[in-house]
Amino acid sequence: MIGVAFVVGVGVISALAVSVGPLYAADRFRELREPTDAERAQIAALADPGGLDLDRIAIESVVSDDGGGGSAADGPAEVAVRGPPGRRVLFLTADVLTDLDEDVAIGLLAAEAGRVATYYAEFRAVAVGAVLATLAAVVTTLVPFESGFAAVIAVGVAAFWAGRRVQYAADARAADAVGADRVADAFERVAERRGVEPETGDWSTWFEVQPPLGDRIARLRERAADEG
């Protein structure tokens, strides 16, 4: 019974860490502030087309690397909803409101609305918890090593495959709301600002819950072409 309780505990704690951990880390290690009334109205206008409606919003200032303490000309443009249902917070960097084109900001917020609507973060937390709980069952010898190791692989592949389907469903929802090209353009613009090339998947990405950004953009482009 102790072994079973340990395995269950590993799964639950892992899921909670994945779900609540980013919210705690952002609150503790980032310089955050509440939006002004004008910013809150701007965010509401940008978020409305995608259907994102959250009262709790935190803005992170973007500081340049030139030592001048001013705003960065090409900041990270981060938009993310973190936290479990009932405790969700919309985090965004200030450059989203000051530097991005309106269409880009709408696309990013719609993408987050899609993830909220499909419970992507919650699914990811459960998937990680399931994999680690299965691994704990092998380590504690609750199941034989051979069959246990095979179970870890099977659970991992199934959970991560399903997680990708949930992410694609989230992107599809965003595309339904604001247009596939607009969401794809937003992803590409942010990648450009960060100086990265959207990668496509190969065998090394099989054990990632979230599909590579390049694959997500390609699907959105295909959807836009089919609809056009």
Side-chain angles (χ1 to χ4, degrees), residues 18 22 25-26 30 43 46-47 49-52 59-60 62-65 71-82 90-125 127-128 156-157 159-228:
V18 172
R30 293 192 173 191
I43 293 168
L46 294 171
L52 183 62
I59 295 179
E60 179 181 8
V62 179
V63 180
S64 65
D65 294 329
S71 296
D74 242 10
E78 292 184 1
V79 176
V81 175
R82 299 189 177 99
L90 171 62
F91 292 88
L92 67 162
T93 50
D95 58 329
V96 172
L97 303 179
T98 59
D99 296 349
L100 294 187
D101 292 338
E102 182 178 285
D103 278 346
V104 175
I106 289 174
L108 295 178
L109 287 162
E112 285 303 303
R115 286 159 66 98
V116 169
T118 55
Y119 294 93
Y120 172 79
E122 289 73 29
F123 181 89
R124 180 172 178 268
V128 172
V157 171
F160 298 153
W161 179 87
R164 287 168 177 255
R165 304 282 77 74
V166 174
Q167 177 62 82
Y168 286 133
D171 289 345
R173 185 189 182 285
D176 287 340
V178 302
D181 274 334
R182 180 183 271 177
V183 180
D185 288 343
F187 290 162
E188 290 179 340
R189 176 61 184 128
V190 170
E192 179 185 347
R193 286 175 66 88
R194 297 175 184 174
V196 299
E197 184 72 21
E199 296 183 351
T200 55
D202 56 25
W203 66 269
S204 65
T205 62
W206 289 352
F207 284 90
E208 295 178 5
V209 179
Q210 183 165 326
L213 183 60
D215 291 349
R216 295 170 62 192
I217 291 173
R219 286 207 174 203
L220 287 166
R221 295 298 187 200
E222 291 174 4
R223 181 189 180 94
D226 292 341
E227 293 173 350

- Message: Go through it in stages, so that I can follow the logic: the residues are D99 and R193, the test is salt bridge (charged side-chain N to carboxylate O under 4.0 Å, His left out), and I'd like the CA-CA distance, side-chain angles, deciding distance and then a yes or no.
- Response: CA-CA 11 Å; D99 296 349; R193 286 175 66 88; 3.7 Å; yes
- Task: Go through the steps for R194 and V190 under the test side-chain contact (heavy atoms from CB on, under 4.5 Å), then give the verdict.
- Result: CA-CA 6 Å; R194 297 175 184 174; V190 170; 3.3 Å; yes
- Task: Would you sort out whether V79 and L90 count as a side-chain contact (heavy atoms from CB on, under 4.5 Å), showing the intermediate values?
- Result: CA-CA 7 Å; V79 176; L90 171 62; 4.0 Å; yes
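Under the 4.5 Å side-chain criterion, counting only non-hydrogen atoms from C-beta, V183 is not in contact with I106.
Closest non-hydrogen pair, A47 versus L109, comes out as N-CD1, 3.8 Å. Minimum heavy-atom separation, G50 to A110: CA-CB, 3.9 Å. Across A169 and T118, no two heavy atoms sit closer than the pair C-CG2, 4.1 Å. Residues V104 and A186 share a closest heavy-atom pair of O-CB, 3.5 Å.
Other residues, nucleotides and ligands contribute more than 12 heavy atoms inside 6.0 Å of the CZ atom of R173.
Between the side chain of E199 and the backbone N or O of P212, no donor-acceptor pair lies under 3.5 Å. Checked by atom type and distance alone, the side chain of T200 never pairs as donor or acceptor with a backbone atom of D215 at under 3.5 Å. In this structure, D95 contributes its side chain and A77 its backbone to a donor-acceptor pair below 3.5 Å.
Here the options are R182, R219, R216, R164, the test is salt bridge (charged side-chain N to carboxylate O under 4.0 Å, His left out), and the partner is D171; only R216 passes.
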